[in-house]
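Everything on this sheet refers to the single structure shown next.
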Amino acid sequence: MDLMDRWPAIEDLRRTASRRAPHVAWEYLESGTGLETGVSANRDAFKAVRMTPRFFIDAGEPDTTTELFGRTWDAPFGVAPVGVQSLMWPGAEKMLARAARASGIPYTLSTVSGEEIEAVAPEAGENFWFQLYTPRNPNMRADLMDRAWAAGARVMTVTVDVPAASRRERQRKAGVGMPPRMTPAMIARVMMRPAWLAATLTRGIPNVANLLRYASKDDLANFGAFVGKELTTAVTPELFADIRKRWDGKLMVKGIMDPQDARRAVELGADGIWVSNHGARQIDFVKPAIDALPEVVEAAGGHAKVVMDSGVRDGHDIARAVARGADFVFLGRAMMYGVIAGGETGARHAMTLLREELANVMTQLGCPRLSDLPGRLA
Ligand code: FNR
């Protein structure tokens with residue numbers, strides 16, 4: 001069956017994915033924090049962005065290409081960093097990396113990835129970006145950056161919006177952890193996902209493979225606690241300055257929501273500001289990221305690129321974010337729906353779908369170029 005007929009929208013990929021991932025992985029992916037009002041607030045805020053079409057224009061084939069950090073990308077969106085992707089679908093890191101490369105968009109690997117930097121980077125080639133959670137230990141910090149650079153990353157983003165682990169009640173109930181809590185209920189639920197189980201048994205139980213080398217024997221016994229203790233820390237200006245000094249490539253700050261922080265990031269030498277509320281996984285009553293975007297764009301004043309994520313689910317949302325001033329847009333959960341639903345083919349399909357939806361709405365709005373979109377805000 002034609003993929004477009006099978007999965008005409010990201011929501012269709014999501015439905016298939018929800019039947020393929022085991023409960024523990026699905027709860028990890030979907031959860032917010034608290035009552036999870038933030039997750040729906042991100043979505044509602046996107047829905048509230050309305051636009052007006054213009055006619056008497058022959059938009060022709062709209063041009064979705066855009067320039068960012070010295071490169072032309074096929075579309076203004078990319079894969080946001082999502083930890084242990086291979087828990088949600090075995091081999092997901094490499095599948096998404098290959099799909100992103102084939103689609104001409106960036107793939108961002110998380111620090112807490114289920115595969116090592118060195119294994120994933122070659123699959124993404126020049127489309128490989130790295131996300132850094134800042135380790136307290138300076139040696140580990142330097143080593144992660146050096147490894148990313150040696151593997152070919154020239155864009156790195158430092159995530160600042162996890163000063164401490166958040167309380168994810170839904171994840172706790174589902175037994176999410178490192179290693180997962182193997183209760184009889186969890187095992188029974190995993191048995192209901194034979195394709196995932198077979199692939200996982202072949203590949204091995206997922207783990208934060210990228211960080212295993214930094215853990216002592218004692219740490220390994222309680223790896224979740226090690227990762228939590230080592231990686232969740234406030235990113236101070238001094239710490240950021242240190243990172244800036246070491247990283248010769250483009251440097252972004254992920255998790256910025258306030259224009260004052262955006263100005264501070266520019267002063268500290270950031271090349272890009274990544275507006276995000278972490279998919280509403282840290283604070284339940286956080287402002288929607290799409291609403292924080294315009295003020296941050298203004299504060300950056302053209303001195304840094306401004307990208308955004310949190311709540312983007314289709315090509316329409318990408319158009320809305322670009323209309324509100326984003327230079328580039330990222331998707332976390334939506335990309336996972338693709339890879340869980342159909343492996344690398346599903347990931348590629350999600351990317352094609354997003355690009356085609358974006359191109360279509362640009363035509364509908366009378367926008368031959370992405371830079372025409374802000375002029376269509378209602
Ligand atoms: C994330 N996110 C994230 N961010 C980051 O900087 N490092 C990480 O390791 C992770 N891990 C992670 C796991 C899961 C399961 C999710 C859903 C999210 C946040 C991510 O990069 C992005 O900000 C959000 O996913 C954006 O919201 P949407 O697109 O999921 O709505």
Salt-bridged, Arg264 to Asp261, with N to O below 4.0 Å?
no
In plain terms, say whether Arg147 and Glu118 are close enough for a salt bridge, that is, a side-chain N and a carboxylate O under 4.0 Å apart.
yes
Using only atom types and a distance under 3.5 Å, with no angle test, would you say the side chain of Thr64 pairs donor to acceptor with the backbone of Asp74?
yes
Looking at Gly311, is its backbone amide N or carbonyl O close enough to the side chain of Arg43 to form a donor-acceptor pair, meaning the two atoms are under 3.5 Å apart?
yes
For residues Phe330 and Trp129, establish whether the separation of their ring centroids is below 6.0 Å.
yes
Could you verify whether a donor N or O on one side chain and an acceptor N or O on the other, from Arg167 and Gln282, lie under 3.5 Å apart?
no
Going by heavy atoms in the side chains, are Leu220 and Leu212 under 4.5 Å from each other?
yes
Electrostatic pair Glu357-Arg313, nearest N-O below 4.0 angstrom
no
Between Trp247 (side chain only) and Lys250 (backbone N and O only), is there a donor and an acceptor less than 3.5 Å apart?
yes
Can you spot which of Asp291, Thr37, Asn277 makes a side chain to side chain donor-acceptor pair (under 3.5 Å) with Asn42?
Asn277
Answer yes or no for Arg281 and Tyr28: cation-pi contact, defined as NZ/CZ to six-membered ring centre under 6.0 Å and angle to ring axis within 45°.
yes
Tell me whether Arg136 contacts the main-chain N or O of Thr232 through its side chain, where contact means a donor paired with an acceptor under 3.5 Å.
yes
